[in-house]
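Data first, discussion second: the structure below is written as structure tokens.
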Amino acid sequence: MMNQVEKLISELCPDGIEYRNLGDVCSFKRGTMITRQNARNGNVPVVSGGQKPSYYHDTSNRNGETISVSGSGAYAGFVKYWDIPVFLSDSFSVDANDKILNTKYLYYFLKSKQKEIHNKKKGSGVPHVYGKDLNNLQIPTPPLKIQEEIAKILDKFTELEAELEAELEAELEARKKQYEYYRNALLTFDNKNGGGQIELEPLGQFITYVRGVTYRKSDEIDSENGTMILRSNNIDYSSNYLNLEKVKYISKSVTIRNDQRLKSNDILISTASGSIKHVGKVAYIKENSDRSFGAFMAVLRTNEMLHSRFLFHVLSSSKFLKYLSDTIASSTINNLSSSIVNQFKIPILSVSEQKHIVHILDEFYTLANDLSIGIPAEQKARKKQYEYYRNELLTFKIRGGVIYIDLKHLSDINTGKQLNRSVLTMNGKYPVLNGGINPSGWYNQYNTEANTITISQGGASAGHVNYMQENFWANAHCYVVKPNKNFISNRFLYYVLKNGQRELMNSKKGAGIPSLSKDTVEKFKIPVPPISQQNQIVSILDQFDKLTTNISIGLPAEQKARRKQNEYYRNELLTFKNRGGQLNIKN
């Protein structure tokens, strides 16, 4: 796919790509203001200041392909593509000159500038973005044939991303159902093992109920210098995870008691909400902090008779939700008082039995919220994905203008100092690197600092490239590579050498114990693009490296990785390097 674009650029743009001001090749047209009260029932999305339709109407004011940009509010500047009739209200459309720009290509270009467009928001009250703010964005304008090819490629990646998202959502939903089933089964004690009824007691005997902090609207501040106050929206409804994306801060002048600070093993619970289904939401607090919680929240702290994590699972169960529904339904407001919580009856089990149930339910809870569990093949798949991107990013043959230089001209290459095996221990402070892949032992001193590239010099693993992130001792069969940072980034050089590891390992010689000569290492050819490009490549590869070495990030992160993959190709396809001539840039 990429080669086809490169080929077209070479054929159709031998003198480079022309860049133009967006305002010279597009027009910006404001929507028509409408209120929810004035809208008539229909299926036409009304696009205002958010990321999703505000409501629906029976009339459109844009048809065919439309690129909308949200006009005001927190999401002002949000770019979206529509291929159905829509009604633009507090937003504007970006209309391409179809003799110069393909609409879908224009959309992907604007999406690649999403952060920059968001940052154009102005206004002390409700921020706005206007069409005129986009006038001076520079857009590359290759021939329409190239634009269409780029749009086609990016459409494919978008389709793949959507498919993955659907698969993830289905898998997560299945696992949540599994967790809910086992949670409800394990927490039903009507006749445990045929041994008779389990005794139930009011929860109030085992907990302390702490009300949240009361404060005024004027106490809220924008600065993080205040105290973070958690509210109902900070508990994710579907997973009971703590969500800190949208938090409030209040002035430190507001009095907060010590027991109103969140502590390890606390259970944070929503006690009032406009919607009954949000009352009773709980989140488990893992560590002490200075955070507090608002007046429509409370914290439950258990005594030694009740395991706090056991209570968390009980309060997440359908039994508690049904209790709340039955109890609060008789009230005129959606309010969960301490007396309602205290009267809820829980099974009386020994702490050891509670811990046993917690162990089982925690396993299922993790499964329900972390797709990495049970999918070990994902790590292998990620490594393949990572290697592909590494090779793709480090192949410069078709990218023009990159110089290849012998490694010896870019770095100092030396071997370490030999330590006898007799002085190595298994409990020393620093790893000792020799000719193998793993440390050959440990020593209480180091001779090389962290963040250093090494290459094994002798033995079966000669040529293996490593990046040591801690201080270590380099032995005599270990090459230490220290780059000249004026010319090449340390981390970029590591990725280039790692990419050439097979070639280095195939260059070792010797019938007995094979070795890799220093001369071979010194003559290894290194591509040297500009430092800015090196840093960009390192940023992308570090992200993939994190994904491949830490599977605990979970498969949901794969969705983000796929988005990054999409963004990478979008940015790559929309970045036109000088391929044989000066760029013709119109201002």
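Computed from a prediction, not measured in an experiment: that's the story for all the values here. For this chain, numbers begin at 1 and follow the sequence in order.
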Would you call [X] and [Y] a side-chain contact if the rule is heavy atoms closer than 4.5 Å?
X	Y	answer
Asn265	Ile285	no
Ile67	Leu110	yes
Arg309	Asp362	yes
Ile453	Leu493	yes
Cys478	Thr415	no
Phe472	Glu449	no
Arg491	Asn451	no
Tyr446	Lys429	no

For this session: Please confirm whether Tyr494 and Tyr467 have ring centers closer than 6.0 angstrom.
Result: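 Between Tyr467 and Tyr494, which both carry aromatic rings, the centre distance is below 6.0 Å.
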
For this session: Indicate whether the side chain of Trp82 and that of Ser68 have a donor and an acceptor atom separated by less than 3.5 Å.
Result: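 A pair is found: one side chain offers a donor N or O, the other an acceptor, under 3.5 Å apart.
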
Exercise. Will you find, in the side chains of Tyr284 and Asp266, an N or O donor that is under 3.5 Å from an N or O acceptor?
Worked result: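 Checked: Tyr284/Asp266 side chains show no N/O donor-acceptor pair below 3.5 Å.
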
To the nearest 0.5 angstrom, please state how far the [atom1] atom of [X] sits from the [atom2] atom of [Y].
X	Y	atom1	atom2	value
Lys111	Lys113	NZ	NZ	14.5 Å
Asn484	Ser411	CG	OG	9.0 Å
Asn97	Arg20	CG	CZ	8.5 Å

For this session: For the pair Tyr81 and Tyr107, name the ring-plane relationship: parallel under 30°, tilted 30 to 60°, perpendicular over 60°.
Result: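 Judged by the thresholds at 30° and 60°, the geometry between Tyr81 and Tyr107 is tilted.
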
For this session: Among Lys518, His477, His464, find the one that has a side-chain hydrogen bond (donor to acceptor under 3.5 Å, both in side chains) with Gln457.
Result: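 That would be His477.
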
For this session: Take atom CD1 of Ile513 as the centre, draw a 6.0 Å sphere, and report whether it contains more than 12 heavy atoms from other residues, nucleotides or ligands.
Result: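 It does not: Ile513 CD1 has 12 such atoms or fewer within range.
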
For this session: Look at atom NZ of Lys263 and say whether more than 12 heavy atoms of other residues, nucleotides or ligands are closer to it than 6.0 Å.
Result: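 More than 12 heavy atoms, drawn from other residues, nucleotides or ligands, come within 6.0 Å of this atom.
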
